[in-house]
Structure formats: C-alpha cells, structure tokens
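Below is one structure, written out as structure tokens; comments come after it.
These figures come from a predicted structure and were not determined experimentally. As the structure lists them, so they are numbered: ligands from 1, and atoms in each ligand from 1.
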Amino acid sequence: MKQMIIEGNKTLTGEILIGGAKNSAVALIPASILADGKSILDNVPNISDRDALIDILEILNCDVTLDKDHLEIDTTNLKNTVIDEEHSRKLRASYYFMGALLGKEKYVEIYIPGGCNIGARPIDIHIEGFKALGAEVKTEGNKYILKADKLRGTDIYLRFQSVGATINLMFASVLAEGKTVIHNAAKEAEIENIADYLISMGAKIEGAGTDDITIYGVEKLHGGKITVIPDRIEAGTYIILGALVGKNLCIKNIIPKHLEALTSKLKDMASDITINKDNIVISKVDNLKPTNIKTLVYPGFPTDIGQPMAVLLTQANGTSLFEETIWENRMGHVPSLNKMGANITVKGMSSMTIGPSKLHGCEVVATDLRGGASLVLAGLTATGTTIINDVEHILRGYEDIDIKLKNVGAKIEIREI
Ligand code: EPZ
C-alpha cells in the first residue's frame with residue numbers, strides 16, 4: 001500500500017506540464033486492436049491504468065513497446081480473445097476491449113470491469129448497442145461473451161450521452177457492414193481524439209464531437225498514429241490548486257477551450273486567472289466569492305473536476321451549493337475534508353459548503369481517483385502534515401503527481417508501507 005505525506009501551506013510557483021488525457025489514452029490503447037499491424041501513440045500518460053491495459057494487450061499476444069510517452073502496438077500476432085477476471089477488474093476501461101475485439105475478431109470473453117466506486121456503473125447502453133449491430137451477448141456469472149457472425153451498421157439511439165458507450169460503439173461499428181449512426185452521442189473532447197485515431201487507421205467517421213456520429217464500415221484498418229490530447233481533468237485539478245495556494249502558477253500544454261466550464265466558474269469566483277493560448281496562469285486571492293455548481297455532460301462542468309473543486313469552495317467567503325448529476329456516489333472525499341476542518345453538508349448527490357474554513361493536516365483515506373486528488377489539494381492548502389492512505393487510486397490517473405508538485409515547491413512524498 002502506498003501513502004502520501006504532505007507538509008502543507010506552502011506557496012506554489014513555477015510551471016506544471018500537463019500530460020496526455022487518461023480518459024483518451026485508456027480508449028486509444030484498446031482501439032489499436034482494430035488495426036492490422038503497428039500503430040503509434042504519442043503523449044501517453046505515465047499512469048497505472050496505462051500499464052493495466054498494456055498487460056491486457058500482452059495477454060492478447062500483441063507486441064507492445066513503450067518508451068517514455070511513446071507507445072507502439074503491433075497486432076500482427078493477435079490470437080487470444082479471452083480476458084480473465086483479474087485483468088478485466090483492474091480498471092473500468094478494460095470494457096473498451098469489448099467493442100474493439102468484437103469489431104475485429106467478432107468474439108470476446110471478458111468480465112465485469114473494475115474502476116472507481118462512484119456509483120452503479122452499468123454497461124447496459126453498450127450492450128444494447130452491440131446487440132443492435134447484430135452481436136449475440138451472453139452472461140455467465142460475471143463473464144460476458146460477445147459474438148457475431150457479421151456486424152451490420154444501423155441507427156443506435158443512446159438513452160444517455162454515455163462516454164464509454166459512444167466509444168465502444170464506434171469500435172464495434174468501424175469494421176461493420178454498412179452505415180451506423182450513433183444518435184445522442186457523447187461530445188467529450190476525448191471522443192474526437194479517438195475518432196481521429198480510427199480515421200488515421202482508414203476508418204470513415206463523421207460528426208465526432210457532435211450529437212450524431214456517422215460511421216461507414218470498411219473491410220480492414222491499417223496501423224494508425226495519434227497524439228493523445230492534454231488531460232483537461234489533470235489540468236483542471238492543478239488550476240484549482242493555483243487558486244488555492246499558487247503564485248503565478250502556470251499550467252502548461254493545455255487546450256483552454258476544453259476547460260471553459262471550469263475557467264468561467266473561476267472567473268465568477270473572482271480568481272486571479274490569465275488564459276493564454278496553451279497555458280493558464282493562476283494565483284491565490286483572499287476574497288474568493290462562493291458559487292453554485294451543477295455537473296453536466298461535456299461541455300458542461302465536468303463531474304471529474306467536482307471533487308477537486310470541493311476544496312476551493314471551502315476557501316470561498318460564503319455558502320456554495322454543489323450538485324452532482326452523473327454519478328450517485330461521488331461524495332467519498334467529504335468526510336476526509338470535514339475531518340481536515342471543512343464545513344460541507346451532503347444530502348444525496350448535492351452538498352452545501354460554508355466557507356472560508358481553515359484546513360489542518362491529519363490522516364485521511366483516498367476512496368477514489370478524483371476524491372483522492374481533492375485530498376492532495378486539501379493537504380497542500382492545510383497547515384501541518386496530511387497523510388493520505390490508499391494513494392494507488394490517485395496514481396491510476398495523475399502521472400508523476402509527486403514530481404510535478406515538488407517542482408513547483410510542494411513538500412510531498414509517496415512511500416510504500
Ligand atoms: C467516463 O466514464 C470516464 N471514465 C469517467 O471518468 C467520467 O466521469 C465519465 O466518463 C463522465 O464524464 C473513463 O473514460 C474511463 P458514462 P464512463 O458512460 O464512460 C450511466 C474519472 O474520474 N450509464 O458517460 O463509464 C452511468 O451510470 C472517471 O476519470 C448507464 O446507465 O461514463 C452514469 O450515470 C470516473 N449505462 C452515466 O451514464 C451505461 O451503459 C455516465 O456514464 C453506461 C453509462
């Protein structure tokens with residue numbers, strides 16, 4: 001088990017370089033299965049979810065070479081289409097092998113995926129879509145068996161704009177016969193990055209990033225090439241950190257357009273924020289205004305930034321209301337923040353924060369990835385020492401977090417216990 005120790009209340013200044021987007025990379029890596037031959041990915045983040053997906057590729061007998069953020073995946077020797085329970089459960093994104101293997105091999109055996117405990121996380125929309133394309137889907141205990149003689153393009157309406165289902169159905173339809181239209185598709189920035197990768201392999205996709213994505217099936221895909229877009233959630237987390245303890249903290253290598261929901265909120269709160277072409281510079285101010293936030297699908301306020309933002313609300317002068325609309329169990333960080341001195345009351349999927357609160361360090365537990373990130377922000381803001389247990393949750397999605405924070409003046413260590 002890993003533990004993080006933070007000596008808080010230090011002013012952070014300098015530059016934090018943002019890595020490739022976790023939620024893009026975890027789909028781009030499985031997407032490589034769809035190509036015949038070698039594909040190349042650049043700007044792949046150094047996170048444990050990446051390693052878990054590479055392990056699965058190796059089980060499938062793909063050849064994988066990783067050199068820093070450069071990943072090459074060769075599917076020439078692909079032979080296996082069965083992913084065991086242990087590897088399926090290591091992360092949520094293992095489910096992208098459903099669409100990718102079904103699309104390529106027309107057969108996959110895989111178990112219920114893992115991932116953060118932030119709600120029920122059903123995959124019924126994915127399954128309905130696979131069936132609409134002509135797949136037969138069987139379950140045996142925790143195992144899914146998906147097979148098809150042939151996949152045929154069709155019209156699929158998603159009852160919710162699910163990120164995962166949109167991506168999985170793109171994967172299952174790029175090699176299907178004829179035209180597929182995914183209606184009410186998710187529009188997250190990552191969807192366009194993934195479509196661009198498939199297009200680089202020879203796929204015919206129109207409308208990614210809009211409500212309707214049209215896919216014209218092709219017979220084969222060749223090796224592709226993509227650069228993973230910057231991680232807007234990692235960036236958002238550090239931008240909030242700048243508002244908490246920054247002095248001209250510069251968050252670099254970002255696409256500001258992907259962060260507009262956050263930056264417009266920070267402006268409403270009277271933060272000291274400057275938005276440049278590919279970076280944002282932010283400093284702490286004393287009179288932060290409270291605000292109300294409701295999470296929404298992209299381009300609304302991202303659910304994944306809700307937990308880091310909870311820390312900033314504890315420092316605003318007055319009462320802020322927060323409403324989560326995507327995941328029913330995304331308040332795991334609140335008991336720890338309250339233990340550190342915050343005044344947050346939770347009712348169902350909503351919370352009320354009365355600020356400002358003086359946070360003090362103590363021993364807390366990361367319950368999930370973004371909840372864990374919020375504890376890091378709180379620890380860096382608090383006086384005294386904060387000890388965060390179960391840091392593995394955080395390392396799933398934040399590359400080199402200790403190194404990046406040390407570089408801007410934080411006192412932070414990760415140790416094995
Ligand atoms: C992706 O999850 C991200 N994960 C999540 O990030 C993110 O919170 C979420 O999108 C929303 O932006 C990855 O990309 C690996 P959804 P995903 O399908 O695809 C319901 C993080 O912290 N739903 O858009 O699983 C579901 O229960 C993680 O980085 C169904 O009912 O999210 C939820 O309420 C956490 N049936 C809503 O839709 C389905 O078949 C949104 O889920 C699928 C989803």
Side-chain angles (χ1 to χ4, degrees), residues 19-31 45 47-50 52-53 88 90-99 112-132 137 144 156-172 182 184-194 228-229 231-237 258 261-262 294-310 323-333 349 366-374 393-399:
K22 163 183 143 329
N23 288 346
S24 216
V26 298
L28 291 166
I29 295 171
I47 51 176
S48 61
D49 273 9
R50 173 202 67 185
L53 290 166
S88 305
K90 270 212 174 130
L91 75 170
R92 179 75 178 162
S94 61
Y95 65 15
Y96 288 130
F97 284 102
M98 282 186 169
I112 290 178
C116 285
N117 178 19
I118 51 177
R121 309 196 80 172
I123 55 167
D124 54 315
I125 303 175
H126 306 230
I127 300 294
E128 281 162 24
F130 294 142
K131 285 183 179 165
V137 181
Y144 287 90
I156 303 171
Y157 176 82
L158 307 186
R159 68 170 165 75
F160 184 87
Q161 290 178 306
S162 157
V163 174
T166 301
I167 295 170
N168 242 337
L169 296 174
M170 284 201 290
F171 292 172
I182 306 173
N184 200 32
K187 298 191 286 258
E188 267 68 1
E190 291 75 19
I191 306 276
E192 283 181 71
N193 198 208
I194 291 150
V228 183
I229 54 167
D231 194 315
R232 63 197 166 93
I233 310 299
E234 185 197 20
T237 305
H258 295 170
L262 172 65
K294 182 174 179 173
T295 64
L296 290 168
V297 295
Y298 190 83
F301 193 94
T303 168
D304 299 341
I305 297 186
Q307 289 161 299
M309 193 65 179
E323 190 187 346
E324 165 64 18
T325 67
I326 314 288
W327 302 112
E328 62 273 22
N329 186 20
R330 218 164 192 184
M331 297 286 173
H333 55 301
M349 289 167 69
T367 54
D368 58 90
L369 168 62
R370 309 299 172 191
S374 79
H393 286 298
I394 303 171
L395 303 181
R396 282 191 32 230
Y398 287 88
E399 70 168 8

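When atom types are taken as modelled, the side chain of Ser88 and the backbone of Ile112 share no donor-acceptor pair closer than 3.5 angstrom. Between the side chain of Arg121 and the main chain of Cys116, a donor-acceptor pair closer than 3.5 Å is present.
Salt bridge status for Arg330 with Asp304: present, with a side-chain N to carboxylate O gap under 4.0 Å. A salt bridge links Arg232 with Glu190; the closest basic N to acidic carboxylate O contact falls under 4.0 Å.
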Which donor-acceptor pairs under 3.5 Å do the side chains of residues 163-171 make with protein atoms, sequence neighbours left out?
| from | atom 1 | to | atom 2 | distance (Å) |
| --- | --- | --- | --- | --- |
| Thr166 | OG1 | Ser162 | O | 2.7 |
| Thr166 | OG1 | Ala186 | N | 3.0 |
| Asn168 | OD1 | Gly99 | N | 2.9 |
| Asn168 | ND2 | Tyr95 | O | 3.0 |
| Asn168 | ND2 | His126 | ND1 | 3.1 |

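When heavy-atom distances to ligand 1 are checked against 4.0 Å, the residues falling inside are Lys22, Asn23, Val26, Arg92, Tyr95, Ile118, Arg121, Pro122, Ile123, Asp124, Ile125, His126, Arg159, Phe160, Ser162, Val163, Gly164, Glu188, Thr303, Asp304, Ile326, Trp327, Arg330, Leu369, Arg370, ordered by chain and number.
When all heavy atoms of Arg92 and Ile123 are compared, the pair lying nearest together is NH2-CG2, 3.8 Å.
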